[in-house]
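By convention in this document, chain letters (A, B, ...) are assigned in the order of the sequence lines, proteins followed by strands, and residues within each chain are numbered from 1. Nothing here was measured: the structure is a model prediction, and the numbers come from that model. Values below: every heavy atom of this structure, side chains too, minus hydrogens, waters and symmetry copies.
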Amino acid sequence: MNCKLNTPPPNFIRNIIIEDIKSGKHGGKVITRFPPEPNGYLHIGHAKSIVLNFGLALEFNGRCHLRFDDTNPTKEEEEYVLAIQEDVAWLGYYWGKHLYYASDYFDRLYDYAIELIKMGKAYVCDLSAEQIRQYRGTLKEPGKESPYRNRSVEENLDLFRRMRQGEFPDGARVLRAKIDMASGNLNMRDPVIYRIMHTSHHRTGNKWCIYPMYDFTHCLSDSIEGITHSICTLEFEDHRPLYDWFLDQLKVECHPQQIEFARLNLSYTVLSKRKLIQLVEGGFVSGWDDPRMPTISGIRRRGYSPASIRNFCERIGVAKRDSVVDIALLEHCVREDLNKTSPRVMAVLKPLKVVIENYPEGKTEELEAVNNPEDPSAGTRMVPFSREIYIEQDDFREDPPKKFFRLAPGKEVRLRYAYFITCHRVIKDEKTGEIIELRCTYDPETRGGAAPDGRKVRGTLHWVSAIHAVKAEVRLYDRLFSVPDPDHGKEGADFKTFINPRSLEVIHDCMVEPGLRDARPGDRYQFERIGYFCVDTVDSDPGHLVFNRTVPLRDTWAKIEKTHRKGK
RNA sequence: UGGGGCGUCGUCAAGCGGUAAGACACGGGUCUUUGGAACCCGCAUUCGGAGGUUCGAAUCCUCCCGCCCCAGCCA
């Protein structure tokens, strides 16, 4: 475990656990579980659950199991179980030997079902799916009892065994719990607990042709593993009576407590599996790991650190009310972490050539640059400087507005770690009028960036020596959606219509300092004055560097300019 | 009168009868060789609404209003 734990803020689940420990419930133990269905990729919403479950286990000296809820072979695949394990591990959590599969319990679950039948608490029903739906009644009207509800135990036993033997086709019969067709809670109206599926399972192969349903499987799996607190999301609140019913009927030795909390919603994105699939399959993104996706793999590729995700999940809190967390908090969490850990480097995204006329031609010198002002132990590096350099196009204005502290005709600025330069001439393309080069002079007395005469300059620019520069491709990622709540657009507009057309801008001829030549996939940097970037793990290679922008630095100037424009 | 939940600052969220934490966002300032970071200040006389109990209520009671979830042989 590599994550520190300052005491997390209080939340109702933690409070329940503290009380339970105090009262000696469950022998004072805390055993939780994270139970994903391996039918898709994990996203930031799952991270909330992972951090909650593993975090609680860690805090109270218990343990957290990783259990795959794999009871529906038509939807689940091995590929997902591998991806999920990778994501949980990347987040920094270890389940150790406690890796389980609901499918490991199929034999025991079958035995439990037999037991239920013997108690007269379950029966085989021959109604079709459509009929079962009709018999279930509606939200306001009670259901009707199935004509098969009162079969004898012997007949039920025989039929259920034959279901297992494969004597019946898919959908022919199901095993149902005998509870209450008039219950206000539809989950209690004789829920199906086993269905016939002649489908091979990614782990049990063709051993089974009947598979247990979630409600029956989950509570018993929890019980088998000795889970103390079974934490799930709000939509399962209605299932709790059923969760408890099975455990009560079967007189198991361990009866975990199910506790529900509100799932995470994040502004400017979507988190439902169904919608994420549409983004992938519709080609709106490059895949599940597209850096704009809220999936763990996407976020990872985007350059977010595991620590920042954990921190985010702890800060958003855990409660029962529906809420939408501002994505600005997530962005704040990455900046906060990356600020302390990322080496600084100079990179020019949109280069503008600057010729320093009074600097000797052919001369090169090495200037010392600090790697991370937040971390002295990161040391320093040498950066080459020469007569021709690149600066950011945005750092020059021929006609500067008020408070523009960067370069302009006649203005002096500091080149970070280098010299003060003053702009004397602007060279433009004769035809287009586009600025193609600046002619400047430098003050040799200001080497390193300090003025011996105490002269102040407000602006400090990053730069890259032209002959030493390394070219790179940079991908500027932005929020995937242009509205805070794409899920609930006006008039039920499809969420895809809110996709931010500028969520990705690719820049091909960026100039980065030479030390970056050796950057490895996944390496994270702060491009000074611009933002945090990481080397793309899929498309970058030594001959063609590709950087992903994780998140831009806070840009006060952009804000000033914006409000200025609005105000005038 | 189907059943189950939830309503505290723009957004999250503590609070559990003793007189509204914190974070993000936002606004202002200090500092600065990143207009970054850091630091300082401001930001709910009020807790969905109305009654009631109490010396005292966001916290207890009553009624009302609003929002979310449930009719898969999905999880």
Looking for any heavy atom pair under 4.0 Å, which part of the strands does A/F68 touch: base, sugar-phosphate only, or nothing?
nothing
Heavy atoms under 4.0 Å, any strand shown: does A/V318 hit a base, just sugar-phosphate, or nothing? sugar-phosphate
Residue set satisfying side chain to side chain donor-acceptor pair (under 3.5 Å) with A/R416, at least two apart, ordered chain then number -> A/E528
Practice problem: May I ask you to verify if any side-chain N or O of A/N372 is less than 4.0 angstrom from the OP1 or OP2 atom of B/U34? | Solution: no
(request) Decide whether A/R554 and A/H332 meet the rule of one side-chain donor and one side-chain acceptor closer than 3.5 Å. (result) no
Heavy-atom nearest nucleotide on RNA chain B taken for A/G449 and for A/R189; more 5' hit belongs to A/R189
Rounded to whole Å, CD1 of A/I259 lies from P of B/G5 at a distance of 14 Å
Those residues at least two apart in sequence (or on a different chain) that pass side chain to side chain donor-acceptor pair (under 3.5 Å) with A/E368 are A/T380
*Any N or O donor-acceptor pair linking the side chain of A/E260 to the base of B/G4 at under 3.5 Å?*
no
When rounded to whole Å, the CG to P distance for the pair A/D555 and B/A37 reads 10 Å
Here the distance between atom P of B/G3 and atom CZ of A/R240, to the nearest Å, is 16 Å
Here the distance between atom P of B/G36 and atom CZ of A/F405, to the nearest Å, is 11 Å
Using a 4.0 Å heavy-atom cut-off across all strands, classify A/Q526 as base, sugar-phosphate, or nothing.
base
To the nearest angstrom, the CZ-P distance between A/R14 and B/A14 comes to 11 Å
Whole-Å distance, A/F527 CZ to B/G35 P, equals 17 Å
At 4.0 Å (heavy atoms only), tell me whether A/V457 reaches a base, stays on the sugar-phosphate, or touches nothing. nothing
5'-most contact on RNA chain B (nearest-nucleotide basis), A/N339 vs A/E237, goes to A/E237
Any luck finding a side-chain donor-acceptor pair between A/K340 and A/N372 under 3.5 Å?
no
Checklist line | Donor on one side chain, acceptor on other, A/E235 and A/T233, under 3.5 Å | finding: yes
Letter by letter from the 5' end, nucleotides 18-26 of chain B scores (B base, S sugar-phosphate only, - none; protein heavy atoms under 4.0 Å) -----SSSS
Checklist entry - Under 4.0 Å between a side-chain N/O of A/T556 and OP1 or OP2 of B/G36, yes or no? => result yes
When rounded to whole Å, the CZ to P distance for the pair A/R321 and B/C67 reads 18 Å
With sequence neighbours left out, the residues meeting side chain to side chain donor-acceptor pair (under 3.5 Å) with A/E167 are A/R162
- Query: Is it the case that A/Y123 and A/D190 place a side-chain donor and acceptor less than 3.5 Å from each other?
  - Reply: yes
So the ring-ring contact (aromatic ring centres under 6.0 Å, His included) pairs with at least one residue in residues 366-385 of chain A (sequence neighbours excluded) are A/Y359-A/F385, A/F385-A/Y419, A/F385-A/W463
In B/S/- notation (B base, S sugar-phosphate only, - none; protein heavy atoms under 4.0 Å), nucleotides 70-75 of chain B written 5' to 3' is BBSBSB
Has A/H218 got a side-chain atom pairing as donor or acceptor with A/D215's backbone, closer than 3.5 angstrom?
no
